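Read the structure below first, then the notes.
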2 protein chains.
Amino acid sequence: MSLDPLSNTLFALADPTRRAILARLARGEATVNELAAPFEMSLPAVSKHLKVLERAKLISRSRNAQWRPCRLEPAPLKTLDGWLGDYRLLWEHRLDRLEDYLATLQIERDTKEERND
Amino acid sequence: MSLDPLSNTLFALADPTRRAILARLARGEATVNELAAPFEMSLPAVSKHLKVLERAKLISRSRNAQWRPCRLEPAPLKTLDGWLGDYRLLWEHRLDRLEDYLATLQIERDTKEERND
DNA sequence: CGGTTAATTAACTTGATGGCTAAATATAGG
DNA sequence: CCTATATTTAGCCATCAAGTTAATTAACCG
């Protein structure tokens, strides 16, 4: 079981079924049966996936009679986006901030023959 | 073993040790021993983490004498950023692009078994 | 050659994941 | 009350994840 929220988010997203469920929920609330319909797996299996998503706070659930509509909660995705932002300049060519980084990398590469630690 | 590249990326990132390794590599190449130093776990454990990162193509490795310097490869992070971008307007209030957004999500839902590794 | 350092592989343990079927719970409605 | 529908829980199983220690490979150096 993951400890920190970011690990929890990433783990929950690291499954195509769960990402497909999120994609469906991005269009609006849906019940468990509606969410399970596109998949070949059993309903309890989908229920488990939903529990993983709920644990990661990527979805929330309300109650309406015997239905438990699920709703997408974007907060963890926003957090993930923030984490990714720290690395974004690695692939964006933003020279203002990238130059120092690349220079450091180049130095590392050039001094590889002198490495002795 | 994950099937599609995005699941592979997310799974590799869903571990604090592996994310810490990436954070270290963002500052430049490093050997396995250098990467293992901050952690209390054994060297083989770190080696396994590196293999996971390598399988996800988040790092690449070269050879220099008995050292195997690791290097961060940002491509999968960029892909993840692209995937996340489909959801970005859920927390940014940009409903003007909602149609494109929904279309993209529909594509994501349909591509259940992508494997273009 | 022999020894040291770097890193991986092998073998094993522990616990979690992801799937199933069958049973249980909750609610609506006749 | 009884039944149908929606969903979860309970067992069960196979596989995998993440760590360990011990052994192995690979390369340098005196």
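Protein chains get the first letters and strands the later ones, always in sequence-line order, with residue 1 at the start of each. The shown structure was predicted, so the numbers you read here are calculated from the model rather than taken from an experiment.
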Can you list the steps and then say if A:C70 with A:L35 is a side chain to side chain contact (heavy atoms under 4.5 Å, CB included)?
-> CA-CA 9 Å; A:C70 301; A:L35 291 172; 3.9 Å; yes
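For B:N8 and D:dA17, the CG to P distance is 10 Å, given to the nearest whole Å. Atom CG of A:L53 and atom C1' of C:dT17 are 14 Å apart (whole Å). Spacing between atom CG of B:L35 and atom P of C:dA7 amounts to 9 Å, rounded to whole angstrom units. Per the geometry, CG belonging to A:N33 stands 11 Å off P belonging to D:dT5, to the nearest Å. Residue B:L10 contributes atom CG, which lies 16 Å from atom P of C:dT17 at whole-angstrom precision.
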With 3.5 Å as the limit, what N/O pairs link the protein to nucleotides 26-30 of chain C?
none

Below 3.5 Å between N/O atoms, which protein atoms pair up with nucleotides 19-21 of chain C? Just atom names and distances, please.
{"from": "C:dG19", "atom 1": "OP2", "to": "A:H49", "atom 2": "NE2", "distance (Å)": "2.3"}
{"from": "C:dG19", "atom 1": "N7", "to": "A:K48", "atom 2": "NZ", "distance (Å)": "3.2"}
{"from": "C:dG19", "atom 1": "O6", "to": "A:K48", "atom 2": "NZ", "distance (Å)": "2.5"}
{"from": "C:dC20", "atom 1": "OP1", "to": "A:S42", "atom 2": "N", "distance (Å)": "3.2"}
{"from": "C:dC20", "atom 1": "OP2", "to": "A:S42", "atom 2": "N", "distance (Å)": "2.8"}
{"from": "C:dC20", "atom 1": "OP2", "to": "A:S42", "atom 2": "OG", "distance (Å)": "2.5"}

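Cluster annotation: A:W67 and A:L25 are assigned to distinct hydrophobic clusters (Ile/Leu/Val/Met/Phe/Trp/Tyr, side-chain heavy-atom contacts under 4.5 Å, transitive).
Applying the salt bridge (Lys or Arg N to Asp or Glu O under 4.0 Å) definition to pairs two or more places apart or across chains, those involving residues 64-77 of chain A are A:E29-A:R71. Residue pairs meeting the side-chain hydrogen bond (donor to acceptor under 3.5 Å, both in side chains) criterion with at least one member in residues 74-90 of chain A, sequence neighbours excluded, are A:D81-A:R88, A:D81-B:R88, A:R88-B:D81.
With sequence neighbours left out, A:A36 forms a side-chain contact (heavy atoms from CB on, under 4.5 Å) with A:L43, A:V46. Scanning for side-chain contact (heavy atoms from CB on, under 4.5 Å) contacts around A:E54 gives A:I59, A:R61, with sequence neighbours left out.
Rounded to the nearest 0.5 Å, atoms CD1 (B:I21) and CG (B:L58) are 11.0 Å apart. Distance check: B:L10 CG to A:R18 CZ gives 10.5 Å after rounding to the nearest 0.5 Å.
Each of B:R18 and A:K51 was matched to the nucleotide of DNA chain D holding its nearest heavy atom; the match closer to the 5' end belongs to A:K51.
Closest approach to the B:S47 side chain among C:dT8, D:dT8, C:dT17 is made by C:dT8 (side chain taken as heavy atoms from C-beta onward).
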